[in-house]
2 protein chains.
Amino acid sequence: MAHLGNSVEYGLHCLLWLTGPQAGPASSRDLAELQGVSTSFLAKIFPKLEKAGIVSASEGIRGGYLLARAPDRITVLDVVDAIEGDKPLFECQEIRGRCAVFGGKAPGWATDGVCAIHAVMLRAEKRMREELAATTLADLAKSLDGKMPAAMPGQVQAWFAARGAARTAAPPDGPKRRRRRPSA
Amino acid sequence: MAHLGNSVEYGLHCLLWLTGPQAGPASSRDLAELQGVSTSFLAKIFPKLEKAGIVSASEGIRGGYLLARAPDRITVLDVVDAIEGDKPLFECQEIRGRCAVFGGKAPGWATDGVCAIHAVMLRAEKRMREELAATTLADLAKSLDGKMPAAMPGQVQAWFAARGAARTAAPPDGPKRRRRRPSA
DNA sequence: TAAACGCGGACTTATATAGTCCGCGTTATG
DNA sequence: CATAACGCGGACTATATAAGTCCGCGTTTA
């Protein structure tokens, strides 16, 4: 398994779409279906981004998510920490103090300060985090702009608009989603 | 859970003991009991270090492990890769090509090259690995030498010697370990 | 020949991830 | 004001990995 899970990947891809000049808030369902990932799973990720202050949510029909601040002020590290919860790369088990020659009571020189092995891991983690903090959503969006044709943003915006229209036009006999149970 | 598991920690601590001027090979059992970790678990780690060429093994009674090369030529990254198998920090799911506006067949501009998000993760992983590669077993051992009293190495060597003596002196009626089943 | 080794495969258990399901409160719209 | 589309969150399941155990084989030395 990898240290950085799929949730981070989904979250970043969604946030990249929110980087563009949107008409209004985008729902987590639309974002999920635009990218072909699970709607219910993505619905568990966005509240984390909201709590971290990366996106702002509007409730009710026509609600959805917007970036809470400018894309150049949101780093990849912000997103990783929001979703994964700042979990450490390494968890020191404090083997130091268990040495059999200590006989159960480890002397201070053995347990003071940070374990040398732990220290290496902390440095490595710091380097990793520095690199993640060095890239913002704006950087990612810019690199994509260089690749995609000029027509692409418009097509996506049209896709969102079409979904909204389909919903308002949908008659009650359409492909209905389950509602709360009929009675009890 | 952490990306770097306990196996790495156990392995590094053991290798640090092997750094000192040993009399002979150290068995994985002795190494485990010296540090208060599971003997059977540690016995699964050492073969990996042996396959990676970090330690060399000698079989049979009085057998055990020795460092296969000088401590200043063994980096923390070598040990991590030997034990964890060079697992990636991030596994790209290639969300790029799934965009609904492509309708199943993604254009080349969308899937060519490395995904921008994946690229950030690869850079972060590279930084992490660079830092792990920058520290050797000799560096770790040196930092420990600065902390431990001069008598410590001798005490550990005495502990190993005492174990060996106890084994040769152990009468058949001593605390026997299970042997292969009596008959069938 | 037996004990102490390394080696490796089969097994168990615990935890984390990925993903689903469901009901509640909120809100715009007809 | 009723309904449908929202966000929110809790409970649930399934699967993968980590951590640890158990056991038997071949090797080696005393």
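Within every chain, numbering begins at 1; the chains are lettered A, B, ... in the order of the sequence lines, protein sequences first and strands thereafter.
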Chemist: Does the side chain of B/Tyr10 get closer than 4.0 angstrom to OP1 or OP2 of D/dG20 through an N or O atom?
Modeler: yes
Chemist: Before giving the answer on side chain to side chain contact (heavy atoms under 4.5 Å, CB included), spell out for A/Glu131 and B/Glu125 the whole-Å C-alpha distance, their side-chain angles and the decisive distance to 0.1 Å.
Modeler: CA-CA 9 Å; A/Glu131 185 65 39; B/Glu125 184 176 6; over 6 Å; no
Chemist: Go nucleotide by nucleotide along DNA chain D from the 5' end; which of B/Thr39 and A/Asp30 gets its closest nucleotide reached first?
Modeler: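 Looking at DNA chain D, the more 5' nearest nucleotide goes with A/Asp30.
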Chemist: Expected output is a numbered-order residue list: members of residues 45-55 of chain A with a heavy atom under 4.0 Å from any atom of DNA chain D. What is it?
Modeler: A/Pro47, A/Glu50, A/Lys51
Chemist: Is there any protein nitrogen or oxygen under 3.5 Å from a nitrogen or oxygen in nucleotides 9-13 of chain C, and what are the pairs?
Modeler:
from: C/dA10; atom 1: N6; to: B/Lys44; atom 2: NZ; distance (Å): 2.9

Chemist: Does a nitrogen or oxygen in the side chain of A/Ser7 sit under 4.0 Å from OP1 or OP2 of C/dA18?
Modeler: yes
Chemist: For residues 132-142 of chain B, pull every pair meeting side-chain hydrogen bond (donor to acceptor under 3.5 Å, both in side chains), keeping only residues two or more places apart or in separate chains.
Modeler: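 side-chain hydrogen bond (donor to acceptor under 3.5 Å, both in side chains) check on residues 132-142 of chain B returns A/Arg123-B/Thr135, B/Thr136-B/Asp139.
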Chemist: Return the value, rounded to whole Å, for the distance between atom CZ of B/Phe90 and atom C1' of C/dT17.
Modeler: 15 Å
Chemist: So, OP1 or OP2 of D/dC6: does either fall under 4.0 Å of a side-chain N or O from A/Ser28?
Modeler: no
Chemist: From CZ of A/Arg29 over to P of D/dC8, roughly how many Å is that when rounded to an integer?
Modeler: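 Result: 12 Å.
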Chemist: Can you name the nearest heavy-atom pair linking B/Asn6 to A/Gln93, along with the distance?
Modeler: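 What the structure gives for the nearest pair is OD1-NE2, 3.2 Å.
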Chemist: For salt bridge (Lys or Arg N to Asp or Glu O under 4.0 Å), just list the numbers for A/Arg129 and A/Asp86, CA-CA rounded to whole Å, side-chain angles, deciding distance to a tenth of an Å, and then say yes or no.
Modeler: CA-CA 10 Å; A/Arg129 293 173 62 83; A/Asp86 196 6; 3.0 Å; yes
Chemist: Applying ring-ring contact (aromatic ring centres under 6.0 Å, His included), can you list everything that pairs with B/Trp109, at least two apart in sequence or on another chain?
Modeler: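 B/Phe102.
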Chemist: Starting at CD of A/Glu33 and ending at C1' of C/dG19, how long is that distance when rounded to a whole Å?
Modeler: 16 Å
Chemist: Applying side chain to side chain contact (heavy atoms under 4.5 Å, CB included) to B/Leu42 and B/Cys14, what does each step give before you reach the verdict?
Modeler: CA-CA 9 Å; B/Leu42 200 60; B/Cys14 288; 3.4 Å; yes
Chemist: Quick one: label B/Ser38 by what it contacts on the DNA or RNA (base, sugar-phosphate, nothing), any heavy atom closer than 4.0 Å.
Modeler: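 Sugar-phosphate, no base atom in range.
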Chemist: Identify, with sequence neighbours excluded, every residue that meets side-chain contact (heavy atoms from CB on, under 4.5 Å) alongside B/Thr19.
Modeler: B/Leu16, B/Leu67, B/Pro71, B/Leu137, B/Ala141
Chemist: Rounded to whole Å, please give me the gap between CG in B/Asn6 and P in D/dT21.
Modeler: 12 Å
Chemist: I'd like a table of atom pairs between the protein and nucleotides 28-30 of chain D - only N or O on both sides, under 3.5 Å - with the distance next to each one.
Modeler:
from: D/dT28; atom 1: O2; to: B/Ile61; atom 2: N; distance (Å): 3.4

Chemist: Kindly indicate whether the side chain of B/Phe90, heavy atoms from C-beta on, has any atom under 4.5 Å from the side chain of B/Val120.
Modeler: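 Of all side-chain heavy-atom pairs linking B/Val120 with B/Phe90, none is under 4.5 Å.
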Chemist: So A/Ser38 and A/Tyr10, side chain to side chain contact (heavy atoms under 4.5 Å, CB included) or not? Walk me through it.
Modeler: CA-CA 10 Å; A/Ser38 157; A/Tyr10 297 163; over 6 Å; no
Chemist: Can you find a side chain N or O atom of A/Lys87 that sits less than 4.0 Å from OP1 or OP2 on C/dT17?
Modeler: yes
Chemist: Is there a side chain to side chain contact (heavy atoms under 4.5 Å, CB included) between A/Glu9 and B/Glu91 once you walk through the steps?
Modeler: CA-CA 9 Å; A/Glu9 183 168 11; B/Glu91 286 169 30; over 6 Å; no
Chemist: Rounding to an integer number of Å, can you tell me how far A/Arg163 CZ sits from D/dA4 C1'?
Modeler: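 Whole-Å distance recorded here is 15 Å.
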Chemist: Using whole Å, what does the distance between atom P of nucleotide C/dG8 and atom CG of B/Leu42 come to?
Modeler: 15 Å
Chemist: Salt bridge (Lys or Arg N to Asp or Glu O under 4.0 Å) between A/Arg69 and A/Asp78: does it pass, once the steps are laid out?
Modeler: CA-CA 12 Å; A/Arg69 54 180 191 266; A/Asp78 291 334; 3.2 Å; yes
